**Q** 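First, the structure itself, so that you have it in front of you.
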Amino acid sequence: MSNYSVYNNSGKIVRSISAPPNMLGLQPLSLGESIINAKANLETDYIPNPANPVVTPRPANPTTLDKTTVTADGVDKAIASGVPLNSVITLTDSTGSITTGTATTSSIDLIFDIAGTYTIRVELFPYLDFEATINAT
Amino acid sequence: MQLRVTKPLLDLQNDAHNSLRADLLNFILVTSDFPEWKQANLADRWAELSIKKLTTSVTVAEQAELDFIASIRAWKNTLLAERDRVKTAILSATTMLEIRTAVDSFMYTIKPS
């Protein structure tokens with residue numbers, strides 16, 4: 001048995017396979033998917049250059065927050081800095097209600113009119129997801 | 001760039017007003033130890049003494065009791081008037097900051113003892 005990883009043409013690892021080499025040809029691949037003879041973590045690894053595939057750890061997300069507690073008055077703000085452009089930013093409250101946006105600048109003011117505990121997630125492949133909790137009181 | 005967690009102003013105002021009403025109810029019933037059964041007892045006693053005062057007369061102690069009940073009623077009416085004032089301020093606010101300022105302006109007066 002050998003370990004294989006399937007990745008798409010973005011370099012994202014989409015699944016892992018453990019199979020005998022002579023059975024590899026039976027593995028179904030979708031359009032744009034390729035296979036590499038290497039073990040990879042679906043969450044933390046990627047293939048930077050699909051033309052020359054090497055399993056590589058995804059880079060850390062450079063996003064930082066200046067604070068994690070804000071007043072929910074529509075004025076006070078937490079500032080997310082270092083956000084990669086075009087990242088999808090999601091704020092989810094404890095009820096699952098979601099506020100989302102796409103980063104057009106690297107600095108984003110997070111403002112709350114509604115008190116609650118929010119999970120902020122910043123996603124842009126190949127960066128690792130950034131996640132933190134903000135308390136709006 | 002700004003990402004704001006918000007909802008329509010009317011919803012923010014309604015939420016603040018409902019929260020204020022709940023806080024006031026808790027202040028009266030729990031913080032001030034004035035549950036509904038005590039309010040009912042006081043109302044009954046007020047009616048009883050008031051009728052007695054009109055039909056016959058009341059003792060000094062009973063008059064003192066009437067005065068005390070009157071002060072309790074005045075206290076509660078003050079709180080209800082304050083609630084109405086803050087409600088008006090909440091409904092005329094146009095930002096969350098103004099709503100919070102209105103809510104924070106509520107004056108909780110202490111129950112006479």
Side-chain angles (χ1 to χ4, degrees), chain A residues 63-124 130-137, chain B residues 1-35 76 78-111:
Chain A
T63 302
T64 58
L65 281 178
D66 69 334
K67 58 182 175 181
T68 55
T69 300
V70 295
T71 304
D73 60 1
V75 176
D76 193 17
K77 61 189 176 187
I79 300 174
S81 302
V83 180
L85 293 183
N86 298 315
S87 293
V88 174
I89 305 147
T90 309
L91 289 163
T92 309
D93 71 11
S94 55
T95 68
S97 180
I98 289 173
T99 302
T100 189
T102 301
T104 55
T105 60
S106 63
S107 177
I108 297 170
D109 295 345
L110 306 168
I111 300 173
F112 301 83
D113 280 331
I114 307 164
T117 300
Y118 296 86
T119 300
I120 176 174
R121 179 179 279 266
V122 178
E123 297 171 273
L124 182 70
F130 170 85
E131 191 173 297
T133 300
I134 298 175
N135 287 310
T137 58
Chain B
M1 178 185 168
Q2 186 183 92
L3 195 59
R4 178 184 288 265
V5 177
T6 188
K7 56 170 82 170
L9 179 63
L10 189 59
D11 290 344
L12 293 173
Q13 291 169 329
N14 284 336
D15 287 352
H17 181 226
N18 289 337
S19 175
L20 175 74
R21 289 172 58 192
D23 288 347
L24 178 59
L25 193 63
N26 185 64
F27 177 77
I28 292 172
L29 298 182
V30 180
T31 310
S32 302
D33 188 26
F34 197 42
K76 191 174 172 186
T78 299
L79 288 174
L80 297 181
E82 184 68 352
R83 178 201 62 193
D84 292 342
R85 180 191 69 77
V86 173
K87 177 186 176 184
T88 301
I90 288 172
L91 294 180
S92 63
T94 58
T95 66
M96 193 58 202
L97 181 61
E98 289 176 2
I99 291 172
R100 286 183 65 119
T101 301
V103 171
D104 291 345
S105 74
F106 196 106
M107 295 287 289
Y108 287 94
T109 47
I110 306 297
K111 182 162 75 78

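Below, chains carry the letters A, B, ... as their sequence lines are ordered, and counting in each starts from 1. All figures in this text were calculated on a predicted structure; none of them were measured in a lab. Just so it is clear, the values below take in all heavy atoms, side chains as well, and ignore hydrogens, waters and symmetry mates.
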**Q** With rounding to the nearest 0.5 angstrom, report the CD1 to OG1 distance, I111(A) to T6(B).
**A** 10.0 Å
**Q** Which residues in residues 74-91 of chain A have any heavy atom lying under 4.5 Å from a heavy atom of chain B?
**A** G74(A), V75(A), I89(A), L91(A)
**Q** Would you say the side-chain atoms of R100(B) pair up with the backbone N or O of A72(A), donor to acceptor, closer than 3.5 Å?
**A**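 At least one qualifying donor-acceptor pair exists.
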**Q** Let me know if L3(B) has heavy atoms under 4.5 Å from chain A in its side chain, its backbone, both or neither.
**A** both
**Q** Could you tell me which portion of T92(A) (side chain, backbone, both or neither) has an atom closer than 4.5 angstrom to a non-hydrogen atom of chain B?
**A** neither
**Q** At a 4.5 Å cut-off on heavy atoms, which part of S97(A) comes close to chain B: side chain, backbone, both, or neither?
**A**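 Interface part for S97(A): neither.
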**Q** Just give me the residue among T104(A), D93(A), D109(A) that pairs up with chain B most often, heavy atom to heavy atom, under 4.5 Å.
**A**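 When all of T104(A), D93(A), D109(A) are compared, D109(A) has the most.
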**Q** With a sphere of 6.0 Å drawn around CZ of R85(B), does it hold more than 12 non-hydrogen atoms of other residues, nucleotides or ligands?
**A** yes
**Q** Please check if atom NZ in K87(B) has more than 12 non-hydrogen atoms from other residues, nucleotides or ligands closer than 6.0 Å.
**A**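 Atom NZ in K87(B) is not packed in, count stays at 12 or less.
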**Q** Quick check on the structure: residues of residues 113-120 of chain A within a heavy-atom distance below 4.5 Å of chain B, by number.
**A** D113(A), I114(A), Y118(A)
